[in-house]
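Just dropping this structure here.
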Amino acid sequence: MPSLDMLFLAILQALVLLAVAPLMTGVSRMIRARMHSRRGPGVLQDYRDVIKLLKRQDVAPGSAGVVFQLAPYVILSAMLMLAMALPVFTRQSPVGAVADLITFAYVFALARFFFALSGIDSGSSFAGIGASRELTLGVLVEPTMILSLVVVALVEGSTNLGSISASITGGYLQAPMAILLAMAAFAFTVFIEMGKLPFDMAEAEQELQEGPLTEYSGSSLAVLKLGLGLKKVVLAQFLIGVFLPFGNIEVLTGMTALVAAVVLPLKLLAIFVMAGIIENSMARGRFMLTSHVTWIGFGFAVLAFVFYLTGL
């Protein structure tokens, strides 16, 4: 069991990531608008959208069941649990019992499962198509994500996120090429899970993998948007906290905590700005051709495993 201090830190970092999630998605929308020569919404627009939706009444389809009603809260709870387990401010995870790669994969899959199932449970044919596309994308992306994480776990000799982060802080000394390729493969999956082009289209948010959002409204839609925004931040923080933990503090004190609180948004902002620039530098592709692109990330993951076997 974690100590009270670590439990407090875990809850605090989860709330911090939840608080900055609308800001990061707002930055992505601003970058998209500027690169399209449009004024676009402000970076705080997502906060205003969530507040407005929380004040509105839920309107659910008559055929919707319990899964449809529970899905937004399950997704948000799953992302909050992952946010508690990540190394955010420190090199170690505050909740070591949850900070495991296998646990991370299962909880992340649970959120995807409920998101897709909510579209089917709504009774809407459009939401059902979006759910099928969400599951298809999961089949294409998750093998790359899991294989890249397995390579890092094999190199560092542990599946604990905190242990991996602490080991990598010392440098890529063991099998450096394998870790770098695994990081590239995982970054590729993070880019896809953020819903970027050519895998999604921001101007038609519900057209591809976010089709299950169609039948949601009011506070349920606000909670679901918070959960999906937090999912993007959690994945970005996973990339930073596990593969690029440089700058994370070793001993938590008053001054180091202040420095970590300032550095965290800057690192997340760098990831979202980079993803936004890459996204808006390419054209949209057909969803049926998604598998032709995801092989690139899987190839990086396989190469990382090969380099691990050869000791490079």
Side-chain angles (χ1 to χ4, degrees), residues 1-24 73-111 145-146 148-150 152-153 155-171 179 182-183 186 190 193 226-272:
M1 290 293 295
S3 63
L4 289 179
D5 293 341
M6 290 295 100
L7 186 60
F8 175 77
L9 177 61
I11 296 174
L12 176 63
Q13 70 182 30
L15 294 177
V16 169
L17 293 181
L18 179 63
V20 302
L23 177 63
M24 295 297 117
Y73 304 97
V74 172
I75 294 171
L76 181 60
S77 300
M79 292 302 112
L80 284 173
M81 189 175 80
L82 294 179
M84 292 174 62
L86 288 175
V88 176
F89 299 114
T90 60
R91 298 176 186 175
Q92 295 289 341
S93 170
V95 187
V98 186
D100 188 85
L101 293 180
I102 299 175
T103 304
F104 174 87
Y106 274 105
V107 174
F108 192 78
L110 177 68
M145 178 185 293
I146 293 173
S148 61
L149 296 179
V150 166
V152 178
V155 172
E156 302 300 339
S158 174
T159 59
N160 184 272
L161 300 180
S163 300
I164 295 174
S165 175
S167 299
I168 291 181
T169 305
I179 295 179
M183 180 179 66
F186 187 80
V190 170
E193 293 291 353
L226 280 174
L228 295 177
L230 181 59
K231 168 187 170 183
K232 300 175 183 180
V233 174
V234 163
L235 286 170
Q237 179 56 41
F238 192 105
L239 177 64
I240 297 171
V242 176
F243 289 94
L244 299 169
F246 310 104
N248 286 17
I249 57 179
E250 184 175 0
V251 180
L252 190 64
T253 61
M255 182 58 65
T256 57
L258 180 61
V259 173
V262 174
V263 171
L264 173 64
L266 297 178
K267 293 192 293 185
L268 288 174
L269 183 63
I271 295 295
F272 275 83

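Everything numeric in this text was worked out from a predicted model, so none of it was measured. For this chain, numbers begin at 1 and follow the sequence in order.
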Separation of Ile11 CD1 from Leu7 CG (nearest 0.5 Å):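 These two atoms lie 4.5 Å from each other.
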
Asn160 side chain near Ser165 side chain, heavy-atom distance below 4.5 Å: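 No; the side chains remain at least 4.5 Å from each other.
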
Note, Leu17 side chain near Leu268 side chain (heavy atom, < 4.5 Å):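 Yes - at least one pair of side-chain heavy atoms lies under 4.5 Å apart.
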
Residue pair Ile146, Phe104: steps toward the side-chain contact (heavy atoms from CB on, under 4.5 Å) verdict: CA-CA 10 Å; Ile146 293 173; Phe104 174 87; over 6 Å; no

Shortest non-hydrogen separation from Phe243 to Ala182 and the atoms involved: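 Answer, listing the atom of Phe243 first, then Ala182: CE2-C, 4.1 Å.
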
Minimum side-chain heavy-atom gap Leu9-Thr90 below 4.5 Å: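 A side-chain contact exists here, since the closest heavy-atom pair is under 4.5 Å.
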
Test log, rule side-chain contact (heavy atoms from CB on, under 4.5 Å), inputs Leu76 and Leu18: CA-CA 9 Å; Leu76 181 60; Leu18 179 63; 4.0 Å; yes

For Ala78, all residues meeting side chain to side chain contact (heavy atoms under 4.5 Å, CB included), sequence neighbours excluded: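 In terms of side chain to side chain contact (heavy atoms under 4.5 Å, CB included), with neighbours along the sequence ignored, Ala78 is linked to Val107, Ala111.
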
Shortest non-hydrogen separation from Leu86 to Ser93 and the atoms involved: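 Answer, listing the atom of Leu86 first, then Ser93: N-OG, 4.4 Å.
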
Residues Met79, Leu226; criterion side-chain contact (heavy atoms from CB on, under 4.5 Å); working and verdict: CA-CA 10 Å; Met79 292 302 112; Leu226 280 174; over 6 Å; no

Check: Leu235 and Met145 side chains under 4.5 Å, non-hydrogen atoms: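 Counting from C-beta outward, Met145 and Leu235 do come under 4.5 Å.
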
Sole candidate of Val242, Leu264, Ile271, Val20 that passes side chain to side chain contact (heavy atoms under 4.5 Å, CB included) when paired with Gln237: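 Passing option: Leu264.
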
Distance in Å, Leu23 CG paired with Phe272 CZ, rounded so as to fall on 0.5 Å steps: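 It comes to 9.5 Å.
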
Heavy-atom pair of closest approach, residues Ala83 and Val88: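 It is O-CG2, 4.2 Å.
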
Worked verdict on Phe238 versus Val190 for side-chain contact (heavy atoms from CB on, under 4.5 Å): CA-CA 9 Å; Phe238 192 105; Val190 170; over 6 Å; no

Distance, nearest 0.5 Å, that separates CG of Leu80 from CG of Leu15: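 Spacing of CG (Leu80) from CG (Leu15) equals 7.5 Å.
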
Under the side chain to side chain contact (heavy atoms under 4.5 Å, CB included) test, residues paired with Ala10 that sit two or more places apart: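 For Ala10, the residues satisfying side chain to side chain contact (heavy atoms under 4.5 Å, CB included) (neighbours in sequence not counted) are Met84, Pro94, Val95.
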
Partner residues of Ser77 under the side chain to side chain donor-acceptor pair (under 3.5 Å) criterion, sequence neighbours left out: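 Applying side chain to side chain donor-acceptor pair (under 3.5 Å) to Ser77 gives none.
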
Contact summary for Gln92 and Ser163, nearest pair of heavy atoms: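 What the structure gives for the nearest pair is OE1-N, 3.8 Å.
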
Ile102 atom CD1, neighbour heavy-atom count above 12 within 6.0 Å: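 It does not: Ile102 CD1 has 12 such atoms or fewer within range.
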
Gap between atom CZ of Phe108 and atom OG1 of Thr103 - 0.5 Å precision: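 One gets 14.5 Å once the value is rounded to the nearest 0.5 Å.
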
